[in-house]
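All remarks here apply to the structure that follows.
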Amino acid sequence: MGPRAAPLLPLLLALLGRPDPGRAEGCDLQPVTGESPIALSYTTSTVPRGCVSSSSLGTDHEVHVLSIKWSKAPTVLLTVSITPGADACGRSPVLVLLCASCFANITSQCPHLLIHTDAHLISGTTAEPPKASSEEELLNWAQSTYGGITSYSELRDPRWIQLRLGEDASSPPNCIPQNHFNAMLHLETEVFFHGVKSCSHGDTQSTRAAHIIHLQPEPSSLITEVNLSLSCPENHVSNQILILQSRTNLTWSLSFKKCNIQVMASGNYKIMTIFPTLLPGELLPDTEQDLIAKAFEKNYSTIASYSAIPATTRISMEIQENKAAKKVTEMITPMTHLTPTPELQPHQLLLLLKPWTCTDETMEITIIKSHLKVIKDLDIKDITLRDINCQAEKNATHFMLKSPLSHCGTLLGGRGYANNELLIKLSKGTELQDIRVAFQCEIPRELFLRLFPTAAFEVPQTELEVNKEAFLQASMMWDDHPADLQLKDCWLVAPGREPVLLVQGGEAHDVGVAVLEGPPSSHGRKIWRFRFTYAVPEGGRIPFSATLKCKAGLQNNTNFEKVLEVTVKDTWRPPNSRGLGLAAVLGITFGAFLIGALLTAGLWCIYSRTRPISKLQPVSSTAPASESSSTNHSIGSTQSTPCSTSSMA
Ligand SMILES: *[C@@H]1O[C@H](CO)[C@@H](O)[C@H](O)[C@H]1NC(C)=O
Ligand SMILES: *[C@@H]1O[C@H](CO)[C@@H](O)[C@H](O)[C@H]1NC(C)=O
Ligand SMILES: *[C@@H]1O[C@H](CO)[C@@H](O)[C@H](O)[C@H]1NC(C)=O
Ligand SMILES: *[C@@H]1O[C@H](CO)[C@@H](O)[C@H](O)[C@H]1NC(C)=O
Ligand SMILES: *[C@@H]1O[C@H](CO)[C@@H](O)[C@H](O)[C@H]1NC(C)=O
Ligand SMILES: *[C@@H]1O[C@H](CO)[C@@H](O)[C@H](O)[C@H]1NC(C)=O
């Protein structure tokens, strides 16, 4: 904490467009003492200590030992359920449960389970508990009483335990406890998390609070989905955010109970209760400091809870309505804004759908109408951007709007974002509403290639005409240090032809390429422009398609590559005559004549199958110009099996 030394530094950094590492300063995460603002538990099969062994195999019983430790006096009934394993209920199973302060509900699908426990059971009969004050004594007792131990697990703060019976001959001969033991084969438990930390920014005036869950990376983890259920108290303040950090290839499946909360997740996520469509997450930093800085960046200046927990498949979290939670917010201002019955509002739905995408030149809004059905009786009449002249078009299934970034009131906010607002006229039941949804659209940090037919660089196309000038533009946002970014090379690659190096080091490389003056870079966007001609000599083979491939990079060899697929168009011939019709067939013959007699024989074969004999005569090089220029596009493919490709004709 403490006063911030110099407000000048963040300002300077902001001017330089750098992230402010100091943003997270002044908020030192501290373990929560007293009542926690949240109750969080998660499932796991990793226990603090444990072991398995095959030592019970030669005895009359399989023996499972559970030793429970508590960080705080337990306040819930511990549920232990015993399920049959691969060989059903095994041989006279024995459960040893050491948990002196517990109230426990043990249920077993195996009727002959013998239980030794010092816990207070809500039902059932038990045998005498072991007298053991240490792990060693406990294990010695089990060993000497039953002659072997099938499994041993020490657990901390469990809410429930599921134990699967079964012995494994491939287990080690003796049960020697190991720390951080993976008991996946026979045990799953849900444990309470007591490591919640929190902090708030000293000078804050806001009630906006963040809850952060940081799933610790586990290299060998096979987990692909995490189910998180969140419940909130009545009168829960709506201006909170849930930040979920994990590996990016993880899916968060969220169920909310009475919660009205923003979500930011690093994997994909879906909100089962209101909107079970997979939504894309965003890249989140993976350190404590950077995550706090991220929350601050979004103006959530209190970290109500920060929980770093191991990889898990299920998390339950409850935002508590208690004094401690209030204390955190009361340091700021009293709660003013209460939402009694949180139900999804149209503007929240749009913030979830994020229907906007940007390139470095355009903004596009696409709303799939069926997604709006989540809200009952919602009907959208009209959508515009901040500039109401920019109105979305609609068809039966979509609303669509596309505009250049320079129009429609879009503001470039620096750091790779474009800002605008959606102004929406809607009806919900009989009620008419105008809503306004301000949004930030991320401009991807990638190289964009666009091909234009004219030097106006106006309407991009994906068709390249041979022997005609074309205009290529490469551009990219690099707002940190635009000067660092250089165009390295651009190639024109077509199947069956030598690749052509058009540009190298920003200079024209091939004849027929000219570097054009682009507009000056603004908002950190660099633009390179070229004019070039794809020259194909008369009679040369023209491919159907080609790719333009450019690479830009930084001094330190970080490169950005982009490929633009284009179709190749030969102006001499309308595209629909390709490979078919009289012109094409004459083209085959003419091309073959140029290539040589051997090939002519093969092509002649095709010809003879498709043409009446009377037309079979050598074609001379003095054939009319319009025909001679229509060289065939597929000679390459007919070369290999000339007579078998009857589909050619
Ligand atoms: C004990 O657990 C069983 C099975 O989970 C459950 O049906 C039963 O209601 C529980 N008893 C109590 C008192 O919670
Ligand atoms: C997560 O929830 C979904 C839907 O409720 C369910 O189908 C899935 O089995 C759950 N996954 C886990 C690991 O509990
Ligand atoms: C997810 O990504 C990590 C590396 O980021 C990788 O080790 C892991 O195998 C991936 N998991 C799946 C299920 O793709
Ligand atoms: C955060 O608050 C400041 C000042 O009130 C405002 O200018 C800024 O736009 C807000 N940022 C976000 C992401 O809401
Ligand atoms: C509406 O337009 C979108 C985007 O162009 C298109 O994908 C969709 O098929 C169209 N729907 C109908 C019914 O024409
Ligand atoms: C190169 O510099 C960029 C920006 O300065 C940085 O993001 C990237 O990590 C650097 N790459 C290497 C390989 O140093």
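Just the heavy atoms: all of them, side chains too, but no hydrogens, waters or symmetry mates, feed the values below. One is the number of the first residue; the rest follow in order along the sequence. Counting starts at 1 for both ligands and their atoms, in listed order. Worth saying up front: this structure is predicted, and the values here are computed from it rather than measured.
Of the N or O atoms in N227, one or more lie within a sub-3.5 Å distance of an N or O in ligand 2. Taking distance alone, with nitrogen or oxygen atoms compared against 3.5 Å, T79 stays at or beyond that limit from ligand 1.
A centroid separation of 6.0 Å or more is found between the aromatic rings of H211 and Y300. Checked against the 6.0 Å centroid threshold, W70 and H194 do not count as a close aromatic pair.
T313 CB, 3.7 Å is the protein heavy atom nearest to atom 13 (C) of ligand 2. Of all protein heavy atoms, the one closest to atom 9 (O) of ligand 5 is T397 OG1, 4.5 Å. For atom 1 (C) of ligand 5, the closest heavy atom belonging to the protein is N395 ND2, 1.3 Å. Closest protein heavy atom to atom 2 (O) of ligand 1: N105 ND2, 2.3 Å. Among all protein heavy atoms, the one lying closest to atom 4 (C) of ligand 2 is M272 CE, 4.3 Å.
In summary, K131 and E128 engage in a salt bridge, as defined by a charged side-chain N under 4.0 Å from a carboxylate O. Salt bridge status for R314 with E188: present, with a side-chain N to carboxylate O gap under 4.0 Å. Taking 4.0 Å as the cut-off between side-chain N and carboxylate O, E288 and K197 count as a salt-bridged pair. Of the charged side-chain nitrogens involved, none lies within less than 4.0 Å of a carboxylate oxygen, so that R436 and D434 do not count as a salt-bridged pair. Salt bridge status for E318 with K257: absent, with no side-chain N to carboxylate O gap under 4.0 Å.
Taking every non-hydrogen atom of M400 and a distance limit under 4.0 Å, the qualifying atoms of ligand 5 come out as 2 (O), 3 (C), 4 (C), 5 (O). Atoms of ligand 1 lying under 4.0 Å from any heavy atom of T107, numbered from 1 in the order shown and given with element: 1 (C), 2 (O), 3 (C), 4 (C). Within ligand 1, the atoms closer than 4.0 Å to a non-hydrogen atom of L77 are 14 (O), numbered from 1 in the order shown. For ligand 2, the atoms sitting less than 4.0 Å from at least one non-hydrogen atom of R314 are 14 (O), numbered in the order shown with element in parentheses.
Side-chain atoms of S475 and D360 include a donor-acceptor pair closer than 3.5 Å. Between the side chains of T189 and Q162, no donor-acceptor pair is found at a separation under 3.5 Å.
Distance screen at 4.0 Å: atom 11 (N) of ligand 5 has a protein heavy-atom neighbour inside the cut-off. Within the 4.0 Å cut-off (strictly below), no protein heavy atom is located near atom 7 (O) of ligand 1.
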